[in-house]
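Letters A, B, ... are given to chains in the order of the sequence lines, protein chains preceding strands, and every chain is numbered from 1. Please read all numbers here as calculations on a predicted model, not as lab measurements.
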There are 2 protein chains.
Amino acid sequence: MRYSHQRETIREIVFSTNSHPSADWVYARAKKAIPNISLGTVYRNLKQLTDQGIIRVIHDGSLARYDWNKEPHDHMKCTTCGSMVDIKLPNGNLKNMVKNQHNFEVSDVEITLIGKCNKHD
Amino acid sequence: MRYSHQRETIREIVFSTNSHPSADWVYARAKKAIPNISLGTVYRNLKQLTDQGIIRVIHDGSLARYDWNKEPHDHMKCTTCGSMVDIKLPNGNLKNMVKNQHNFEVSDVEITLIGKCNKHD
DNA sequence: ATTAGTATTAGTAATTATTACTGTTTATAT
DNA sequence: ATATAAACAGTAATAATTACTAATACTAAT
Ligand SMILES: [Mn+2]
Ligand SMILES: [Mn+2]
Ligand SMILES: [Zn+2]
Ligand SMILES: [Zn+2]
């Protein structure tokens, strides 16, 4: 993967926030640095960065969001303000349990808690 | 919500399978009973049935799938064959824990285990 | 049974998120 | 410096879903 100014900018944007941004959000930010960057470039690079394990993708309904944090962790999605916040839930030996009981080889565990966040008491 | 033949057909289709069908799959099935049913009708009724709590929606990446089983349970998604199979994982008092530690009011817990199912040993 | 009111429909257009194509630009190894 | 191909901008295409509209069909009241 050859260096590119666009990809480096996109990577820095994802690494600069804890908001789990969408491609559109990254695109809006990237345009401030590179005004004629194209949305296709943002999508292509987000995919490349994901495939290389440099960032990860999380699914918020039908919308893909990106996360610089590759440590295993989970998310709380607020239906009121749309925020998505990290949470570390104890997973124990879930993988082994599922392998033994269902013969299913788990490669990834996606846990999303949906509800109302602490900003709306 | 008034009776409609289309909606009843759609409801029966979702209740007839454990495959967690997509709107398209339900549409293909519904056409066998009602050849001129429209895809919009399928989407509208799947949404209505979901809003009424008669079925539930689960998210498979960017694709919405539907489930007649409203009991709290989780899913194993096979990346090889695309199947989505039920699994009941012990959730304990997750809701209370999250409420106490993060002041986040959980209304729904979505857990998807991604990996390879027992058909591909 | 007929009528009136409106929820629902089929058909189609529009929207949203994302991917594919294409001719041009640019990183980088020689 | 030059060659090569990866990456780009711009645009078109696709997939899933939602919105619009005039016609149809439930259902409650006459
Ligand atoms: Mn995260
Ligand atoms: Mn299920
Ligand atoms: Zn919130
Ligand atoms: Zn499988």
Side-chain angles (χ1 to χ4, degrees), chain A residues 1-14 19-67 75 77 79 82 84 110 112, chain B residues 1-14 19-67 75 77 79 82 84 110 112:
Chain A
M1 196 166 61
R2 207 169 67 170
Y3 172 88
S4 95
H5 179 44
Q6 287 87 341
R7 183 182 305 121
E8 180 55 19
T9 300
I10 289 161
R11 194 195 61 75
E12 280 170 6
I13 289 169
V14 175
S19 70
H20 306 90
S22 66
D24 243 33
W25 191 95
V26 173
Y27 177 51
R29 284 298 167 101
K31 273 199 288 199
K32 292 176 182 176
I34 308 171
N36 72 330
I37 196 172
S38 82
L39 183 56
T41 294
V42 173
Y43 273 105
R44 181 165 19 83
N45 281 300
L46 287 171
K47 179 164 196 333
Q48 276 182 117
L49 292 167
T50 302
D51 291 346
Q52 300 288 314
I54 295 163
I55 61 176
R56 72 184 257 209
V57 63
I58 58 184
H59 283 103
D60 175 9
S62 61
L63 188 74
R65 300 171 69 150
Y66 297 87
D67 197 337
H75 296 97
K77 166 71 190 283
T79 51
M84 178 152 278
E110 280 194 14
T112 306
Chain B
M1 195 165 62
R2 205 167 74 168
Y3 171 87
S4 96
H5 178 44
Q6 286 86 343
R7 176 152 56 236
E8 180 55 18
T9 300
I10 289 162
R11 193 194 62 74
E12 281 169 8
I13 290 169
V14 174
S19 70
H20 306 89
S22 66
D24 243 32
W25 192 94
V26 173
Y27 177 52
R29 284 298 167 102
K31 272 198 287 199
K32 293 177 183 176
I34 307 170
N36 71 331
I37 196 170
S38 82
L39 183 56
T41 294
V42 173
Y43 272 106
R44 183 165 16 83
N45 280 301
L46 287 171
K47 180 165 194 336
Q48 275 181 115
L49 292 167
T50 302
D51 291 346
Q52 300 287 313
I54 295 163
I55 61 175
R56 72 184 259 207
V57 64
I58 58 183
H59 286 103
D60 175 10
S62 62
L63 188 74
R65 300 172 69 151
Y66 297 88
D67 197 338
H75 296 97
K77 166 71 189 283
T79 50
M84 178 152 279
E110 280 194 13
T112 306

Determine yes or no for a side-chain-to-main-chain donor-acceptor pair under 3.5 angstrom, with A:Arg7 supplying the side chain and A:Arg2 the backbone.
yes
Want to settle it: does B:Leu39 or B:Met1 sit nearer the 5' end of DNA chain C, counting the closest nucleotide to each?
B:Met1
Residue closer to the 5' end of DNA chain D, A:Asn36 versus B:Ser22 (nearest nucleotide):
A:Asn36
Do B:Ile37 and B:Ile10 come close enough that some side-chain heavy atom pair is under 4.5 Å?
yes
Would you say B:Ser4 reaches C:dT9's phosphate, i.e. side-chain N/O to OP1/OP2 under 4.0 Å?
yes
Calculate the interatomic distance between A:Ile34 atom CD1 and D:dA7 atom C1'; express it in whole Å.
12 Å
Spacing between B:Leu49 atom CG and C:dT8 atom P, to the nearest angstrom
11 Å
Side chain B:Arg29, main chain B:Val14, donor-acceptor under 3.5 Å:
no
Is the B:His75 to B:His20 ring centre distance short of 6.0 Å?
yes
Roughly how many Å is it from CG in A:Leu63 to P in C:dT19, rounded to a whole number?
12 Å
Tell me whether the side-chain N/O atoms of A:Thr41 come closer than 4.0 Å to OP1 or OP2 in D:dA9.
yes
Remember a base hit wins even if backbone is also touched, and classify B:Arg7 as base, sugar-phosphate or nothing at under 4.0 Å, heavy atoms.
sugar-phosphate
Proximity to the side chain of A:Arg2 - top-ranked nucleotide from D:dA9, D:dA7, D:dC26
D:dA7
Could you pick out which residue, B:His5 or B:Tyr43, lies toward the 5' side of DNA chain D when each is mapped onto its nearest nucleotide?
B:Tyr43
Per nearest nucleotide of DNA chain C, the residue lying toward the 5' end, B:Ser62 or B:Ser38, is B:Ser38
Is the closest side-chain heavy-atom distance between A:Gln48 and A:Asn45 below 4.5 Å?
yes
Taking C-beta and beyond as the side chain, do A:Asp51 and A:Met1 meet within less than 4.5 Å on heavy atoms?
no
Just compare C:dT8, D:dT17, D:dA9 and give me whichever is closest to any side-chain atom of B:Ala64.
D:dT17
Can you check the A:Tyr27 OH to D:dC8 C1' distance for me, whole Å?
13 Å
Just the rounded figure in Å: distance from C1' of C:dT9 to NZ of B:Lys47.
18 Å
Nearest-Å distance for atom pair CD/C1', residues B:Glu8 and D:dA25
16 Å
State whether A:Arg44 places a side-chain N or O below 4.0 Å from either non-bridging phosphate oxygen (OP1 or OP2) of D:dC8.
yes
Scan B:Tyr3 against the nucleic acid and name what it touches under 4.0 Å (heavy atoms): base, sugar-phosphate only, or nothing.
sugar-phosphate
To the nearest angstrom, the CZ-P distance between B:Arg11 and C:dT8 comes to 16 Å
Does the side chain of B:Gln6 get closer than 4.0 angstrom to OP1 or OP2 of D:dA25 through an N or O atom?
no
For D:dT30, which nucleotide in any strand shown is its Watson-Crick or wobble partner with both distances under 3.5 Å?
C:dA1
Would you classify A:Asn45 as touching base, sugar-phosphate or nothing, given that sugar-phosphate means primed atoms plus P, OP1 and OP2, and contacts are heavy atoms under 4.0 Å?
sugar-phosphate
Specify the separation, in whole Å, of atom CH2 of B:Trp25 and atom P of D:dT17.
16 Å
